[in-house]
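Both counts, for ligands and for their atoms, begin at 1 and track the order of listing. Just the heavy atoms: all of them, side chains too, but no hydrogens, waters or symmetry mates, feed the values below.
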Amino acid sequence: MSQNALSGLEQALQERGYRLTAARRAILAALADAGGHVTADELAAAVHRVAPRVGRMTVYRTLDLLGELGLLRPVYQGTGAAHYVLLLDGHHHHLVCSRCRRVIEFDECALAELAETVGRRYGFAVEGHLLEFYGRCSDCSD
Ligand SMILES: [Zn+2]
Ligand SMILES: [Zn+2]
Ligand SMILES: [Zn+2]
């Protein structure tokens, strides 16, 4: 999965005319290694381990860039730092347990039609979505 994520990210940047600098490669690789779930500080630390010359600001700027390109979204859970999640194929889905905070990833998606409908209604060019269902996981349901 992480190899696919990495090549997907590299390809997406190149298609949009961004150069794959050594710093960007290191950041994308760390992001893919993390399974596409990471805080900015965790990512900066992971990048620092393999590429000590890549500064924290470069990591933050790259996160911003990926966000602008619709490849990444911040998720806020509680009061902690934002978690960044990859929207590799334009979407990302979670089941979030409100009791134990477990997060389950799932791939099934039936939202393409809805995105098109609301996009048309509001003249909005939908580029991706992040979906979270909240509730109780199987360990936590009574
Ligand atoms: Zn639970
Ligand atoms: Zn996720
Ligand atoms: Zn979806």
Side-chain angles (χ1 to χ4, degrees), residues 1-51 54-142:
M1 134 86 190
S2 83
Q3 195 53 44
N4 285 346
L6 180 56
S7 51
L9 283 169
E10 290 183 344
Q11 197 183 334
L13 276 191
Q14 284 179 313
E15 276 169 4
R16 292 162 169 88
Y18 290 92
R19 280 199 322 124
L20 278 179
T21 60
R24 280 185 183 143
R25 270 180 201 279
I27 293 165
L28 296 181
L31 199 51
D33 274 351
H37 262 259
V38 76
T39 67
D41 285 345
E42 286 166 358
L43 185 64
V47 170
H48 187 79
R49 281 196 291 276
V50 294
V54 178
R56 189 167 284 263
M57 285 314 294
T58 306
V59 173
Y60 292 165
R61 273 200 303 272
T62 303
L63 283 174
D64 281 346
L65 172 65
L66 295 173
E68 275 171 39
L69 297 178
L71 298 167
L72 191 83
R73 291 298 302 169
V75 183
Y76 300 91
Q77 283 163 349
T79 54
H83 249 87
Y84 289 86
V85 301
L86 285 176
L87 305 187
L88 263 189
D89 305 313
H91 55 174
H92 196 121
H93 312 135
H94 289 159
L95 299 172
V96 182
C97 179
S98 316
R99 186 178 279 181
C100 72
R101 307 275 176 139
R102 177 175 169 206
V103 176
I104 299 165
E105 310 272 336
F106 67 95
D107 291 331
E108 294 88 340
C109 187
L111 294 179
E113 199 177 322
L114 177 64
E116 205 182 308
T117 304
V118 294
R120 204 181 306 117
R121 184 182 310 152
Y122 294 98
F124 190 96
V126 174
E127 291 171 342
H129 62 258
L130 179 61
L131 174 67
E132 294 198 321
F133 286 124
Y134 298 96
R136 298 284 174 87
C137 76
S138 55
D139 291 340
C140 295
S141 49
D142 303 315

| request: For the pair Arg101 (side chain) and Cys97 (backbone), establish whether a donor and an acceptor sit closer than 3.5 Å, ignoring hydrogens and angles. | output: no
| message | Donor-acceptor check, side chain of His94 to backbone of Val103, threshold 3.5 angstrom: yes or no? | response | no
| request: Taking the Zn ion (ligand 2) as the vertex, measure the angle between atom NE2 in His92 and atom NE2 in His94; round to 10°. | output: 100°
| query | Is the distance between the Zn ion (ligand 2) and the nearest N/O/S atom of His37 smaller than 2.8 Å? | reply | yes
| ND1 (His91) - the Zn ion (ligand 3) - NE2 (His129) angle, nearest 10° | 110°
| Taking 4.0 angstrom as the limit, do Asp139 and Arg99 come out as a salt bridge? | no
| message | Measuring only between side-chain heavy atoms, which start at C-beta, is Leu63 closer than 4.5 Å to Tyr84? | response | yes
| query | Any side-chain heavy atom of Arg61 sitting closer than 4.5 Å to one from Arg24? | reply | no
| What angle sits at the Zn ion (ligand 1) between SG of Cys140 and SG of Cys100, to 10°? | 110°
| Considering only N, O or S atoms of His93, the one closest to the Zn ion (ligand 3) | NE2
